[in-house]
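Below: one structure, written as C-alpha cells.
Below, chain A is the first sequence line, B the second, and so on; all start at residue 1. Values below: all heavy atoms of this structure, side chains included; hydrogens, waters and symmetry mates excluded.
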Amino acid sequence: MTKVASVIHWFRLDLRLHDNLALRNAINEAENRKQILRPIYVIDPDIKNRVGCNRLRFLFQSLKNLDTSLRKINTRLYVIKGKAIECLPKLFDEWHVKFLTLQVDIDADLVKQDEVIEEFCEANNIFVVKRMQHTVYDFNSVVKKNNGSIPLTYQKFLSLVSDVQVKDIIQISKGVSDECKASDYDSQGYDIPSLEEFGVNESELSECKYPGGESEGLKRLDVYMAKKQWVCNFEKPKSSPNSIEPSTTVLSPYISHGCLSAKLFYHKLKQVENGSKHTLPPVSLMGQLMWREFYYTAGSGTENFDKMVGNSVCTQIPWKKNDAHLKAWAEGKTGYPFVDAIMRQLKQEGWIHHLARHMVACFLTRGDLWISWEEGAKVFEDFLLDYDWSLNAGNWMWLSASAFFYKYYRVYSPVAFGKKTDKDGLYIRKYVPELKKYPSEFIYEPWKAPKGVQKTAGCIIGEGYPNRIVDHDKVHKDNIQKMNAAYKVNKEKKAMKRPRQ
DNA sequence: ATTGTAGTTGGCTTG
DNA sequence: ACAAGCCAACTACAA
C-alpha cells in the first residue's frame with residue numbers, strides 16, 4: 001500500500017498565520033497535490049537551560065494561540081518533543097514527507113541545525129522552500145549591494161535600503177480542505193505540552209504583563225497605531241527608561257517570536273505617517289524598526305557575531321572575569337538602586353526600556369564592572385521576552401563600545417541618569433521595595449543617608465540592602481583609561497594588517 | 001590621500 | 001529651569 005505524502009511547514013520564529021509566505025506555500029502545495037498538511041513545532045526538552053521561565057511562558061502562550069488559529073482553518077499544530085536534528089529525519093520518513101517549508105532564521109544555532117536538516121532533505125528527495133520573512137528587507141541583498149561587506153553605520157544602512165520597494169503582506173485566504181487532514185488529527189500525542197512538563201511552576205511566575213501570541217501582538221499593534229499623534233511625534237531618546245508603565249510600544253516580544261510580522265508593522269507605520277508631519281529615523285518608531293533591520297544585516301553577514309574572539313567587527317578588549325560581581329549585577333544587588341531596579345524589573349517582567357538596557361549594559365562592561373559583554377548577553381537571553389540573537393549581540397557590542405559605537409568616555413552615571421526622568425525614584429521604590437521609604441534626596445545614593453535616616457526608612461545599607469560593589473566615581477575613570485589602551489592596541493593591530501604603500 | 005564631518009539618546013560645572 | 005561649554009578626542013564614511 002502506498003502512503004499519502006505529507007507537506008510540512010516547520011514553525012520556528014514565525015508563530016503567526018498573517019504574512020507567512022512559507023506557511024501559505026505549504027498549504028497550497030498540499031491542496032494542489034492532495035497531500036497531508038502538517039504544521040509542526042519542535043521543542044527541545046533542554047530548552048529550559050537557555051530560555052528563562054517568562055520567555056518559556058510567552059512561547060507556550062504563542063503556540064497555544066497558533067494552534068487555535070490553525071484549527072480555525074481546519075488544520076492544527078503538531079508539537080514534537082525532541083532535538084530537531086534527531087527526531088525530524090525519523091518523522092519525515094514515517095510521514096512520507098515530500099515538501100518542507102520554513103522561514104530563514106539567522107540565529108547561529110538554528111543555522112547549524114538547518115544545514116543538517118537540509119542535507120537530509122536533499123538526500124531523501126524532500127523539496128525545501130525557505131522564505132525570507134522575518135525582516136522587512138532581504139539582508140543578504142543589502143550586503144550584496146554594499147559590495148559584500150556589512151554597513152557599519154546606521155545611516156549607511158538607511159542609504160542602502162532607501163530605494164528598495166518593500167513587499168506587500170501575504171494573507172491566507174481560505175481554509176484547508178478535509179482531504180489534507182491527517183488521520184491522526186485528533187491525536188493528543190502532538191498537543192502542546194504543559195509548562196510544568198518543562199520544569200516551570202506557573203503559579204510561581206509573576207503576573208503576566210505581556211501574554212504571548214499572534215492575537216495579542218496584532219491587538220497591541222492596533223492599539224498603538226490608532227494613536228496617530230503619538231506615533232508621528234515619537235522620539236525614542238525622549239521616552240523614559242523608568243516610567244512605571246512602559247513609555248514605548250512593547251511590540252518587541254511579538255516581533256522577535258514572529259507573532260507579529262515586521263513587514264506588517266512597517267506598512268502600518270507608513271500608513272499612519274502618510275500625509276502627516278512625523279519624526280524620522282533614527283529616533284522615530286520607523287527608526288526603531290530600521291535598527292532591527294540594521295542589526296539583522298550586520299549579524300547575518302558577520303562570522304561569530306555573538307562572540308568577541310573571531311568577530312571581525314568587534315574590538316578585542318581584555319575583560320576580566322568576576323563571578324561575584326556578575327551575580328550581583330544579574331540579581332539586582334549591586335548597591336546602586338537604579339541599576340538594581342532595572343535588573344529586577346527585567347527578571348520579573350521580561351521587558352525593560354531600551355535606555356534602561358543601556359544603563360545596565362554600560363555598568364556591567366566598560367562603565368563599572370569590566371565584565372565581558374558576552375556574559376551580559378547570556379543573562380539577557382535568559383530573561384528578555386524579546387530576546388533576539390542579532391539584536392542582543394549587536395546592542396551589547398554597541399553599549400560596551402566594542403562595535404558601532406566608539407565614544408567610550410561617555411559613561412552612564414548610575415546616579416544621575418535615572419534622575420532626569422524620575423527625580424523622586426518612584427521606579428526604584430517599586431522594584432527595590434526595601435528602599436521604598438527613603439527620602440528622595442537619598443533614593444539614588446542610599447549609602448549617603450545618615451544612619452539615623454537609614455533607620456527611620458527601615459533599611460540599613462549593608463544589611464537590608466547591599467553596599468555598593470564598586471565606587472562608580474573612581475572605577476569608571478580607571479575603565480576609560482583601560483578602554484583607551486585597548487583601542488590603541490586595536491589600532492596598532494589594524495595598521496599592521498594594512499598593506500604598506 | 002588626507003581631512004572634514006557626522007554619529008539614536010552623557011555627565012558635570014557654570015552661568 | 002535650562003542651556004552652554006568642557007571633558008578628551010572615538011570611528012566610518014564621503015569628499
Side-chain angles (χ1 to χ4, degrees), chain A residues 145-147 149-160 162 233-243 247-248 252 278-295 297-298 301-302 312-317 336 338-339 342 352-363 365-368 391 394-423 444-445 472-495 497-501:
Chain A
K145 202 170 172 185
N146 198 36
N147 300 318
S149 59
I150 64 161
L152 287 165
T153 64
Y154 181 74
Q155 295 301 331
K156 179 75 192 171
F157 170 81
L158 286 186
S159 75
L160 286 167
S162 61
N233 293 327
F234 185 90
E235 287 181 67
K236 184 62 152 284
K238 287 192 181 161
S239 59
S240 164
N242 46 7
S243 51
S247 59
T248 51
S252 52
H278 57 81
T279 53
L280 294 167
V283 298
S284 64
L285 267 184
M286 183 61 87
Q288 306 313 301
L289 183 56
M290 291 301 114
W291 277 107
R292 176 172 186 270
E293 300 290 319
F294 169 68
Y295 284 125
T297 308
T302 309
S312 61
V313 302
C314 184
T315 304
Q316 306 296 300
I317 296 165
Y336 284 94
F338 186 45
V339 172
I342 294 167
I352 51 176
H353 186 277
H354 186 65
L355 291 177
R357 300 180 196 200
H358 280 210
M359 176 70 246
V360 296
C362 179
F363 189 88
T365 57
R366 66 185 169 88
D368 296 80
L391 273 69
N395 277 309
W396 271 100
M397 280 189 270
W398 182 292
L399 264 304
S400 60
S402 301
F404 312 117
F405 172 85
Y406 308 96
K407 292 187 209 171
Y408 55 78
Y409 44 87
R410 289 196 164 177
V411 177
Y412 291 87
S413 159
V415 173
F417 189 63
K419 281 186 188 171
K420 285 194 289 189
T421 41
D422 180 21
K423 213 167 158 290
Y444 283 88
E445 315 171 83
H472 173 79
D473 291 338
K474 187 188 166 303
V475 85
H476 94 272
K477 283 183 184 150
D478 298 345
N479 288 346
I480 288 174
Q481 290 315 307
K482 285 195 229 166
M483 285 301 287
N484 188 290
Y487 268 48
K488 256 185 202 145
V489 171
N490 198 55
K491 216 175 200 173
E492 280 160 19
K493 265 194 213 155
K494 268 192 186 163
K497 271 186 202 157
R498 245 198 314 273
R500 288 193 173 214
Q501 293 296 354

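Between the CZ atom of A:Phe404 and the P atom of B:dA6 there is a distance of 22 Å, given to the nearest Å. Whole-Å rounding puts the A:Trp398 CH2 to B:dT9 C1' distance at 10 Å. Here the P atom of nucleotide B:dG10 and the NZ atom of A:Lys419 are 18 Å apart, to the nearest Å.
The side chain of A:Phe417 lies closest to B:dG10 when the candidates are C:dA12, B:dT8, B:dG10. Distances were taken from every side-chain heavy atom of A:Leu152 (C-beta onward) to each of B:dT8, B:dT9, C:dC13; the shortest belongs to C:dC13. Checking C:dC13, B:dT8, B:dG11 against the side-chain heavy atoms of A:Thr153 singles out C:dC13 as nearest.
Screening residues 411-420 of chain A for side chain to side chain donor-acceptor pair (under 3.5 Å), with sequence neighbours left out, gives A:His358-A:Tyr412. For the salt bridge (charged side-chain N to carboxylate O under 4.0 Å, His left out) condition, the pairs that include at least one residue of residues 473-490 of chain A, sequence neighbours left out, are A:Lys474-A:Asp478.
Considering only residues two or more places apart in sequence or on other chains, A:Thr315 meets the side chain to side chain contact (heavy atoms under 4.5 Å, CB included) condition with A:Ile317, A:Tyr487, A:Asn490. With sequence neighbours excluded, the residues forming a ring pair (Phe, Tyr, Trp, His ring centres under 6.0 Å) with A:Tyr154 are A:Trp291, listed by chain and number. Residues satisfying the ring pair (Phe, Tyr, Trp, His ring centres under 6.0 Å) criterion with A:Phe405, sequence neighbours excluded, are A:Trp398. In terms of the side chain to side chain contact (heavy atoms under 4.5 Å, CB included) criterion, residue partners of A:Val313 (sequence neighbours excluded) are, by chain and number, A:Ile150, A:Leu152, A:Thr302, A:Phe305, A:Asn311, A:Met397, A:Ala403. Considering only residues two or more places apart in sequence or on other chains, A:Phe363 meets the ring pair (Phe, Tyr, Trp, His ring centres under 6.0 Å) condition with A:Tyr336. Shown here are the side chain to side chain donor-acceptor pair (under 3.5 Å) partners of A:Thr297, two or more places apart in sequence or in another chain: there are none.
Taking atom C1' in both B:dT8 and C:dA8, one finds a spacing of 22 Å when rounded to whole Å.
Taking 4.0 angstrom as the limit, A:Lys420 places a side-chain polar atom (N or O) nearer than this to OP1 or OP2 of B:dG11. Using a 4.0 Å cut-off, some side-chain N or O of A:Lys156 falls inside it from OP1 or OP2 of C:dA14. OP1 or OP2 of B:dT8 lies within a sub-4.0 Å distance of a side-chain N or O belonging to A:Gln155.
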Identify all pairs in which a protein N or O lies below 3.5 Å from an N or O of nucleotides 2-10 of chain C, and state each distance.
residue : atom : partner  : partner atom : Å
C:dA9   : OP1  : A:Asn484 : ND2          : 2.7

Under 3.5 Å, N/O pairs linking protein and nucleotides 13-15 of chain B:
none

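Residues from residues 233-242 of chain A with heavy atoms under 4.0 angstrom of DNA chain B, sorted by number: A:Lys236, A:Pro237.
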If you write DNA chain C from 5' to 3' in dot-bracket form, with Watson-Crick or G-U pairs under 3.5 Å, [ ] for crossing pairs and | for pairs with another strand, what do you get? .||||||..||||||
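Under the 3.5 Å distance criterion, with hydrogens and angles disregarded, no donor-acceptor pair is assigned to the side chains of A:Asn479 and A:Tyr408.
A 4.5 Å side-chain heavy-atom check between A:Phe294 and A:Leu158 finds every atom pair outside the cut-off.
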